K.L.:
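Dropping the structure in here first, questions after.
Residue numbers run from 1 in the order of the sequence given. The figures here come from the full heavy-atom set of this structure, side chains too, leaving out hydrogens, waters and symmetry mates. Predicted model only: the values in this text are computed from it and were never measured.
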Amino acid sequence: MKTLPFIFTFIFCLSNLSYTQHPTKLTDKNSQEQDIGSLFVEGVNTISAARQKELVPKVFSKALIDSKGVDALQQLLAKFHNSYAPLEYHHSEIKQRNVVGSNILMHLYAKKQGAVMYQDFQFYLENLISKKINKLMFIAEVSEPISLPNGSIDQKETIDWLNSYVEKLNNEYDLSGCLLIAQGDQVLYEKGFGFADVDRKKKLNSNSLFSMASGGKMFTALAIAKLVEENRISYSDKITKYISGFSDNSMADNISIHHLLSHTSGVAQYWWGQESEEFKNAKTINDHLKMVLNVGITKEAGVEYEYNNSNFILLGAIIEKVTGKDYFVIINELVFQKARMKASGFFSKERKDLVTPFLRSKVNTKEWVSAIPGNGKGSSAGGSYTSAMEMLKFSMALKKELIVSKASLATMVSQQNTISKDEQYGYGFILEKYDNQISYGHGGTSKGVNFEFRYFPSLDITLVVFSNQDNGAYDDLKRNTIKLITGAR
C-alpha cells in the first residue's frame, strides 16, 4: 500500500458496500467509467506535463480541483508516473453504497509493465453521472482480476471453481492461508493452503492457529455485553467511573462505554503500527493502558467516528475493574468456554504450534521472512489466536445465544456510530451490505496477518478467511468469495 500526499486516507476496515459492478475493458470506447479509467492511466503514463494538465479536468471533480488546484493534481499524476508507469489498464468497477448521501467507490485495476501483481486504485467518485474522481482512498496490490461463475455457493460447480481459484492463487501468487464457508453448521468448503512456517515444513489446515489481529475486538465487546446483561455495567456509564489517570478529566467525564464500543470517544490512537519496544512486548492490559493514558484525548466524545485501538484497551481495563479478574481469564470464561473454542486463546508468540506471519523478503518474490513482532500477548484490542473451525463454533455460539442473548447481539450488530456516513460499526462488529445481503463480523490486519469473519444471517452462512502473509492475493480471495456467497457480481 502506497501513502499518497494530501488526499490519501487510510481505510483499516471494510465498509458497508452494496456492490453494483460495472466492469469495463480498455477496448470499450462507449463506457463512461472506462473513459475515466483509461484517461487516468493515460495521465499516469504520459511524460508530458501539459497533457497531464489537460487530463486533470476530464478525470478529477471540480470540487477536488477547486480544493487542490490543477498544478497539484498534475504533480500527483507525475508522481504516479514515477512509481507505476508504464501502466497496463485492465478494467474498472463501481461499487455503490445503499445509504443516502454515501460515497460511490471505483476500483481501477492496472498493472505496471513486467510486474506480477496488479494495482487496485480505489477512488471515491463525485456521482454516478460524471463519475469523476473526488478522492483517492488507497492503492492495494492484487492478483489478476477474474470473471466469476454465476452459480450459487452451495452448488458443486461453484465450489469446484472456488477450489481451482484457491489453487491458482496458491500456485501463481504463493498465497498462504485458510478459507472456510459453512451454511449453518454444515461446512460447504474448507481448505488450508501454503505453510505455517518459513521453512515450508508445516502445512496449513482448518485447525491451524492464526492470529486474528483486530478480530479479537468482537470478544471484548461480547464480554462487555454480558456484563450489561448481568446489570454490572451500563452502556451509558462514564469511563471515569472505572478508570482514572486521564490528563483531561473534563473530557474523559463525557466519554461513555457506548463511545468506546462505537469508536466515537475522541481518545487518541496509542498505536498505529509504530515499532516501539514498549508496545511489541506488552503482556498485560495495564501495559497497554499506560500508553493510552499517555496519548490522551483529542476530540469531544460523540463528535467523530474514528476506528481506534485505544477504545478497546480502555474496555479491557473496565472489564478487569468490574470483574476483579484478568482480562484474558474473563474472555476465556465468557467467550471461549461458552463457544467450546478449546484451542483458542491469547498466547506467547514463542509457542511452536502457532502460524508464523510472513513478510516478503523482496518485492515480487516468493521468498518470505518471519514477521513476529516481539513477544507480546495480544490485548483487548486484538491479537488472540484461533482457527477456521474454531470460528465456526463461535458463529454458531452467537446464533444459539450461548454467549449473549439474541437481544444483546441485535444491539451489537446494529449501527451505533450513526455520525459516520461511511463505515457502519456496531458494538465490536463491522456491518456490511452486499446487494441485499446484510452481514456482520470483523477483520484484522497487521504485519503478516490478515483475517476476516463474516456472518450472513439471511443465508445462515459463515465465512472465515485467514492469511499469514502480506499478500495482495488475500484481498482478492476474500472479495471474490463474498461475491460468490452473496451473488453480488
K.L.:
Could you walk me through whether Glu390 and Lys342 pass the salt bridge (charged side-chain N to carboxylate O under 4.0 Å, His left out) test, one step at a time?
P.N.:
CA-CA 8 Å; Glu390 292 273 281; Lys342 296 181 180 179; over 6 Å; no
K.L.:
Tell me, with the steps shown, if Lys483 and Glu93 meet salt bridge (charged side-chain N to carboxylate O under 4.0 Å, His left out).
P.N.:
CA-CA 13 Å; Lys483 289 181 179 180; Glu93 297 177 6; 3.4 Å; yes
K.L.:
So Tyr427 and Tyr235, would you call those rings parallel, tilted or perpendicular, with 30° and 60° as cut-offs?
P.N.:
tilted
K.L.:
Under the 3.5 angstrom rule, does the side chain of Asp460 hit a backbone N or O of Gln183 as a donor-acceptor pair?
P.N.:
no
K.L.:
Answer yes if the side chains of Asp476 and Ser143 hold a donor-acceptor pair under 3.5 Å, and no otherwise.
P.N.:
yes
K.L.:
Within the supplied structure, the quantity of interest is the number of heavy atoms (other residues, nucleotides, ligands) at a distance under 6.0 Å from Lys238 NZ; does it exceed 12?
P.N.:
yes
K.L.:
Does the side chain of His258 come within less than 4.5 Å of Ser262's, by heavy atoms?
P.N.:
yes
K.L.:
Mind running side chain to side chain contact (heavy atoms under 4.5 Å, CB included) on Asn163 and Lys191 for me, showing each step along the way?
P.N.:
CA-CA 8 Å; Asn163 189 60; Lys191 188 181 185 73; 3.3 Å; yes
K.L.:
For the pair Ser420 (side chain) and Glu423 (backbone), establish whether a donor and an acceptor sit closer than 3.5 Å, ignoring hydrogens and angles.
P.N.:
yes
K.L.:
Is there a donor-acceptor contact under 3.5 Å linking the side chains of Ser344 and Thr386?
P.N.:
yes
K.L.:
With a 6.0 Å cut-off on the ring centroids, do Tyr440 and Tyr455 count as close?
P.N.:
yes
K.L.:
Tell me the closest heavy-atom pair linking Lys299 and Glu306, and the distance in Å.
P.N.:
NZ-OE1, 4.0 Å
K.L.:
Restricting to non-hydrogen atoms, name the atom on Trp161 and the atom on Leu484 that form the minimum distance, rounded to 0.1 Å.
P.N.:
CZ3-CD1, 3.8 Å
K.L.:
Are Lys202 and Phe195 in a cation-pi setup, meaning NZ or CZ lies under 6.0 angstrom from the ring centre and within 45 degrees of the ring axis?
P.N.:
no
K.L.:
Mark yes or no for whether Glu320, through its side chain, and Ala317, through its backbone, hold a donor-acceptor pair below 3.5 Å.
P.N.:
no
K.L.:
Judged by atom type as modelled, is there a donor-acceptor pair below 3.5 Å linking the side chain of Asn468 to the main-chain atoms of Val449?
P.N.:
no
K.L.:
For the atom pair CG (Asp120) and CD (Glu141), what is the distance rounded to the nearest 0.5 Å?
P.N.:
11.0 Å
K.L.:
For a quick check under 3.5 Å, do Ser214 and Tyr307 share a side-chain donor-acceptor pair by atom type?
P.N.:
yes
K.L.:
Tell me, with the steps shown, if Trp368 and Thr356 meet side chain to side chain contact (heavy atoms under 4.5 Å, CB included).
P.N.:
CA-CA 11 Å; Trp368 301 92; Thr356 300; over 6 Å; no
K.L.:
For side chain to side chain donor-acceptor pair (under 3.5 Å), just list the numbers for Ser458 and Gln437, CA-CA rounded to whole Å, side-chain angles, deciding distance to a tenth of an Å, and then say yes or no.
P.N.:
CA-CA 7 Å; Ser458 65; Gln437 297 299 335; 2.6 Å; yes
K.L.:
Report the residue from Thr323, Ile224, Asp237 that forms a side-chain contact (heavy atoms from CB on, under 4.5 Å) with Arg232.
P.N.:
Thr323
K.L.:
Within the side chain of Ser310, is there an N or O that forms a donor-acceptor pair under 3.5 Å with the backbone of Ala268?
P.N.:
yes
K.L.:
Would you say the side chain of Met137 lies within less than 4.5 Å of the side chain of Leu105, judging by non-hydrogen atoms?
P.N.:
yes
K.L.:
Find the distance between CE (Met106) and OG (Ser92) and round it off to the nearest 0.5 Å.
P.N.:
4.5 Å
K.L.:
Decide yes or no for Met117 and Val142: does some side-chain heavy atom of the first lie under 4.5 Å from some side-chain heavy atom of the second?
P.N.:
no
K.L.:
Kindly assign one of parallel, tilted or perpendicular to the pair His263 and Tyr425, based on the angle between their ring planes and the thresholds 30° and 60°.
P.N.:
perpendicular
K.L.:
Between Tyr327 and Ser379, does a side chain to side chain donor-acceptor pair (under 3.5 Å) hold up when you go through it step by step?
P.N.:
CA-CA 8 Å; Tyr327 166 81; Ser379 70; over 6 Å; no
K.L.:
Provide the closest heavy-atom pair for Gln469 versus Ser176 in the form atom of the first, atom of the second, distance.
P.N.:
OE1-N, 2.8 Å
K.L.:
Between the side chains of Asn294 and Tyr270, is a donor N or O closer than 3.5 angstrom to an acceptor N or O?
P.N.:
no
K.L.:
Donor-acceptor pair, Gln424 side chain versus Asn417 backbone, under 3.5 Å?
P.N.:
no
K.L.:
Looking at Met391, is its backbone amide N or carbonyl O close enough to the side chain of Ser395 to form a donor-acceptor pair, meaning the two atoms are under 3.5 Å apart?
P.N.:
no
K.L.:
For Ala339 and Ile403, which heavy atoms make the closest approach, and how far apart are they?
P.N.:
CB-CD1, 4.2 Å
K.L.:
Hey, does Leu222 have a side-chain heavy atom less than 4.5 Å from the side chain of Phe394?
P.N.:
yes
K.L.:
Any salt bridge linking Lys325 with Glu333? Criterion: basic side-chain nitrogen under 4.0 Å from a carboxylate oxygen.
P.N.:
yes
K.L.:
Rounded to the nearest 0.5 Å, what separation is found between the CD1 atom of Ile313 and the OG1 atom of Thr220?
P.N.:
8.0 Å
K.L.:
Just checking, is any N or O donor in the side chain of Ser405 or Ser408 under 3.5 Å from an acceptor N or O on the other one?
P.N.:
yes
K.L.:
Which heavy atom of Leu260 sits nearest a heavy atom of Ile239, and at what distance?
P.N.:
CD1-CG2, 3.5 Å
K.L.:
For a side chain to side chain contact (heavy atoms under 4.5 Å, CB included) check, start with the C-alpha distance between Leu431 and Ile438, then their side-chain angles and the critical distance, and finish with the verdict.
P.N.:
CA-CA 7 Å; Leu431 317 177; Ile438 297 171; 5.9 Å; no
K.L.:
What I'd like to find out is whether the side chain of Leu477 reaches to under 4.5 Å of the side chain of Tyr165, using heavy atoms alone.
P.N.:
yes
K.L.:
Less than 4.5 Å apart, any side-chain heavy atom of Asp185 and any of Leu392?
P.N.:
no
K.L.:
Hey, are the side chains of Thr158 and Leu162 touching, using non-hydrogen atoms and a 4.5 Å cut-off?
P.N.:
no
K.L.:
Say whether, by atom type as modelled, one donor and one acceptor occur between the side chain of His288 and the main chain of Ile285 under 3.5 angstrom.
P.N.:
no
K.L.:
Write down the atom of Met251, the atom of Thr298, and the distance for their closest heavy-atom approach.
P.N.:
CE-C, 4.3 Å
K.L.:
Ring pair (Phe, Tyr, Trp, His ring centres under 6.0 Å) with Phe466: which of Phe453, Phe193, Phe210, Tyr474?
P.N.:
Phe210
K.L.:
One pair to check against side chain to side chain donor-acceptor pair (under 3.5 Å): Ser250 and Asp253. What are the steps and the verdict?
P.N.:
CA-CA 5 Å; Ser250 62; Asp253 284 338; over 6 Å; no
K.L.:
Under a 3.5 Å threshold, yes or no: a donor from one side chain and an acceptor from the other, between Asn309 and Lys217?
P.N.:
yes
K.L.:
Applying salt bridge (charged side-chain N to carboxylate O under 4.0 Å, His left out) to Lys283 and Asp287, what does each step give before you reach the verdict?
P.N.:
CA-CA 7 Å; Lys283 294 184 178 180; Asp287 289 340; over 6 Å; no
K.L.:
Is it true that a side-chain atom of Ser384 and a backbone atom of Gly345 form a donor plus acceptor pair closer than 3.5 Å?
P.N.:
no
K.L.:
Under the criterion side chain to side chain contact (heavy atoms under 4.5 Å, CB included), I'd like the reasoning laid out for Phe451 against Val465: C-alpha separation, chi angles, the key distance, then a yes or no.
P.N.:
CA-CA 6 Å; Phe451 162 75; Val465 195; over 6 Å; no
K.L.:
Is there side-chain contact between Ile139 and Gln122, with at least one heavy-atom pair below 4.5 Å?
P.N.:
no
K.L.:
Between Phe336 and Phe346, what is the ring plane arrangement, given parallel below 30°, perpendicular above 60°, and tilted in between?
P.N.:
tilted
K.L.:
Measure from the side-chain N and O atoms of Gln416 to the backbone N and O of Thr411, and report whether any donor-acceptor pair falls under 3.5 Å.
P.N.:
yes
